[in-house]
Colleague: 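Structure in structure tokens, see below.
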Amino acid sequence: MEKESPSPHIFIPDWWSEAADSIALESYTSSPPITFVCGAKNSGKSTYSRHLLNTLLPRYKKVAYLDTDVGQPEFTTPGCLSLHIIDEQTPDFTILSMKTPERCIFFGDTSSKRDPKAYLSSIYRLYDYYHMEYYQSDKLRSSEKFPLPLVINTPGWVKGIGYEIIVEMLRYIQPTHVVQIRISAEKKNLPSGLFWMDGNQKGHVNLINLSAALQDSSNRSLLIKKDSRRLRDARIIAYFRQCFPCNFTITTNKELAHALACHPPYEIPLSKVKVLHLHCTVSRNEIFHSLNATIVGLAVDHRTSEESKDYAPWCVGLGIIRGVDMPKELLYVITPVPLSHLDKVNVFLRGYIEIPTCLLQVRGCVSPYMATSVLPSN
């Protein structure tokens with residue numbers, strides 16, 4: 001069996017590898033596994049999820065990955081819930097990896113606590129899309145495509161409302177496997193056993209309890225605390241670095257900030273887009289002014305008046321609002337989203353995801369807002 005090369009500074013214990021192998025081997029005689037990975041903060045959920053992806057890929061060639069951690073996502077920017085179809089292994093887990101999702105919803109915050117109902121609704125919509133397109137449907141069978149396994153990465157908020165959210169996710173998704181990574185501080189763990197079961201769940205679930213990867217001589221978990229704010233900023237910076245070609249020389253955040261400030265933005269007519277502020281209410285007179293120098297989700301909403309208004313529209317990427325020209329009724333947007341996709345955007349979503357401070361500290365750069373080199377978006 002093909003194995004990924006060890007990542008520098010990343011330790012995959014034997015018991016983790018054995019558990020991942022068992023999940024993959026079981027799939028030979030049954031439907032592809034739907035694996036739900038959960039546990040306390042900094043217990044190694046993301047690392048195990050990536051390792052499981054690499055274990056499944058040689059068998060399936062493609063694996064679906066549902067990321068429900070809006071604070072520390074693996075392949076997108078913070079504030080996003082996303083479904084990915086992964087078709088290649090990632091040997092080095094220490095390298096920041098940005099991928100274009102199959103489907104994405106901009107939640108607009110780094111925690112579900114501001115609106116748990118909207119958070120769960122978005123996860124359900126992403127899972128339903130996976131189930132219809134890649135797991136079990138007449139459409140899948142008619143196209144002679146094989147169903148794909150799914151790996152679900154979850155946030156580390158496992159107490160209070162966070163626990164209730166985990167329970168609701170488990171009950172809705174009904175995974176075939178639940179991997180719970182437990183740390184030595186028992187009070188910080190989820191309850192043991194099938195804690196989410198209430199008698200209404202169908203089918204068999206395989207519960208796998210794993211201890212954290214690193215232990216001291218007394219078998220206590222050694223957790224590596226993450227600088228969450230720095231990691232979130234790094235992902236936003238990496239995302240907007242995609243506005244420029246790979247061969248465009250940018251080696252520091254200061255250089256990127258200057259390049260973004262000088263980058264010709266797209267012109268978006270105010271009449272083309274609807275602006276929605278997530279998790280808060282903004283007066284009508286201040287809606288567009290409140291967008292200036294902010295990050296927005298660029299979404300496409302094709303619902304008719306008869307369709308449900310409860311679910312969030314699909315998001316195709318993020319943009320920085322570089323300026324708002326009220327007399328000309330134009331928004332100036334910088335984004336790596338291709339023009340072919342940007343032309344379909346009809347909703348701007350403003351949440352609580354902020355531009356990293358290092359990208360705002362630019363001096364001596366001519367404002368491009370009214371420049372003749374502005375790129376039009378038809």
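Numbers here are sequence positions counted from 1.
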Colleague: For T249 and T251, what are the C-alpha separation, side-chain angles and deciding distance, and is it a side chain to side chain contact (heavy atoms under 4.5 Å, CB included)?
Modeller: CA-CA 6 Å; T249 303; T251 58; 4.3 Å; yes

Colleague: Taking all heavy atoms of I334 and all of C243, pick out the closest pair and write down the distance.
Modeller: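 Heavy atoms of I334 and C243 come nearest at CG2-SG, 3.9 Å.
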
Colleague: Could you tell me if the ring centre of Y332 sits under 6.0 Å from that of Y266?
Modeller: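 No, the ring of Y332 stays outside the 6.0 Å limit from the ring of Y266, centre to centre.
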
Colleague: Test of understanding: with side chain to side chain contact (heavy atoms under 4.5 Å, CB included), list the residues that count as partners of I161, not counting sequence neighbours.
Modeller: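 Partners of I161 under the side chain to side chain contact (heavy atoms under 4.5 Å, CB included) test: P116, W157, I165.
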
Colleague: Does E286 reach the main-chain N or O of S283 with its side chain, forming a donor-acceptor pair under 3.5 Å?
Modeller: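 No, E286 side chain to S283 backbone: no donor-acceptor pair under 3.5 Å.
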
Colleague: Would you say the side-chain atoms of K272 pair up with the backbone N or O of D343, donor to acceptor, closer than 3.5 Å?
Modeller: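 Looks like yes, one N/O pair under 3.5 Å.
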
Colleague: Output yes when a side-chain donor or acceptor of R322 lies under 3.5 Å from a complementary backbone atom of A261, and no otherwise.
Modeller: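 Such a contact is found between R322 side chain and A261 backbone.
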
Colleague: Verify, without hydrogens or angle tests, whether Y130 (side chain) and L148 (backbone) share a donor-acceptor contact under 3.5 angstrom.
Modeller: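 Side chain of Y130 to backbone of L148, a donor-acceptor pair under 3.5 Å: yes, one is there.
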
Colleague: Is any side-chain heavy atom of V347 less than 4.5 Å from a side-chain heavy atom of L276?
Modeller: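 V347 reaches L276 side chain to side chain.
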
Colleague: List for me each residue that meets ring-ring contact (aromatic ring centres under 6.0 Å, His included) alongside F106, sequence neighbours excluded, and say none if there are none.
Modeller: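 Per chain and number, F106 pairs via ring-ring contact (aromatic ring centres under 6.0 Å, His included) with no residue.
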
Colleague: Do we get R103 above W314's six-membered ring, with its NZ or CZ under 6.0 Å from the centre and within 45° of the axis?
Modeller: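 Judged by the rule, R103 and W314 form a cation-pi pair.
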
Colleague: Report yes or no: does S22 contribute a side-chain atom to a donor-acceptor pair with the main-chain N or O of A19 at less than 3.5 Å?
Modeller: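 Yes, the answer is positive, given that a donor and an acceptor are paired below the 3.5 Å cut-off.
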
Colleague: Please check: side-chain N/O of K159 versus main-chain N/O of K187, any donor-acceptor pairing under 3.5 Å?
Modeller: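 Yes; at least one donor-acceptor contact below 3.5 Å.
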
Colleague: Between N346 (side chain only) and D301 (backbone N and O only), is there a donor and an acceptor less than 3.5 Å apart?
Modeller: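 Confirmed, N346 side chain pairs with D301 backbone.
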
Colleague: Determine, stepwise, if the pair V205 / H177 fulfils side chain to side chain contact (heavy atoms under 4.5 Å, CB included).
Modeller: CA-CA 5 Å; V205 59; H177 296 75; 5.9 Å; no

Colleague: Would you say the ring centroid of Y163 lies under 6.0 angstrom from that of F195?
Modeller: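 Centroid separation for Y163 and F195: below 6.0 Å.
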
Colleague: Specify whether Y119 and F107 have parallel, tilted or perpendicular ring planes, treating 30° as the upper limit for parallel and 60° as the lower limit for perpendicular.
Modeller: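 Perpendicular: the ring planes of Y119 and F107 meet at over 60°.
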
Colleague: Take the angle between the ring planes of W15 and F11 and call it parallel below 30°, perpendicular above 60°, tilted in between.
Modeller: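 Aromatic pair W15/F11 classed perpendicular.
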
Colleague: Testing the basics here: between G319 and V333, what is the closest heavy-atom pair and its distance to 0.1 Å?
Modeller: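 Nearest heavy atoms, G319 then V333: CA-CG1, 4.1 Å.
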
Colleague: Under the criterion side chain to side chain contact (heavy atoms under 4.5 Å, CB included), I'd like the reasoning laid out for V296 against L291: C-alpha separation, chi angles, the key distance, then a yes or no.
Modeller: CA-CA 8 Å; V296 295; L291 293 180; 4.0 Å; yes

Colleague: Between the side chain of T55 and the main-chain N/O of H51, is any donor-acceptor distance below 3.5 Å?
Modeller: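 Pair found, side chain donor or acceptor close to backbone of H51.
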
Colleague: For the side chain of T110 and the backbone of V70, is there at least one donor-acceptor N/O pair under 3.5 Å apart?
Modeller: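 It does not hold such a pair.
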
Colleague: So that I can tick it off, tell me whether K61 and D87 are bridged by a salt bridge, with the cut-off set at under 4.0 angstrom between side-chain N and carboxylate O.
Modeller: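 Here D87 does not pair with K61 in a salt bridge, since their nearest N and O are not under 4.0 Å apart.
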
Colleague: Not counting sequence neighbours, which residues clear salt bridge (charged side-chain N to carboxylate O under 4.0 Å, His left out) with E186? List them please.
Modeller: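 R182.
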
Colleague: When you measure from the side chain of Y48 to the backbone N and O of I181, does any donor-acceptor pair fall under 3.5 Å?
Modeller: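 No; zero donor-acceptor contacts below 3.5 Å.
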
Colleague: With a 4.5 Å cut-off on side-chain heavy atoms, are I173 and L170 touching?
Modeller: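 No, their side chains stay 4.5 Å or more apart.
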
Colleague: Do V282 and C280 make a side-chain contact, defined as non-hydrogen atoms from C-beta onward lying under 4.5 Å apart?
Modeller: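 The answer is yes; the side chains approach within 4.5 Å.
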
Colleague: Between F248 and F244, what is the ring plane arrangement, given parallel below 30°, perpendicular above 60°, and tilted in between?
Modeller: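 Aromatic pair F248/F244 classed parallel.
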
Colleague: Is it true that atom CD of E255 has more than 12 heavy atoms of other residues, nucleotides or ligands lying nearer than 6.0 Å?
Modeller: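 Atom CD in E255 is crowded, with more than 12 foreign heavy atoms closer than 6.0 Å.
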
Colleague: Can H84 and S82 be said to form a side-chain hydrogen bond (donor to acceptor under 3.5 Å, both in side chains), step by step?
Modeller: CA-CA 6 Å; H84 297 260; S82 58; 3.0 Å; yes

Colleague: Between the side chains of N153 and S46, does any donor sit under 3.5 Å from an acceptor?
Modeller: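 There is such a pair (donor and acceptor under 3.5 Å, judged by atom type) between the side chains of N153 and S46.
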
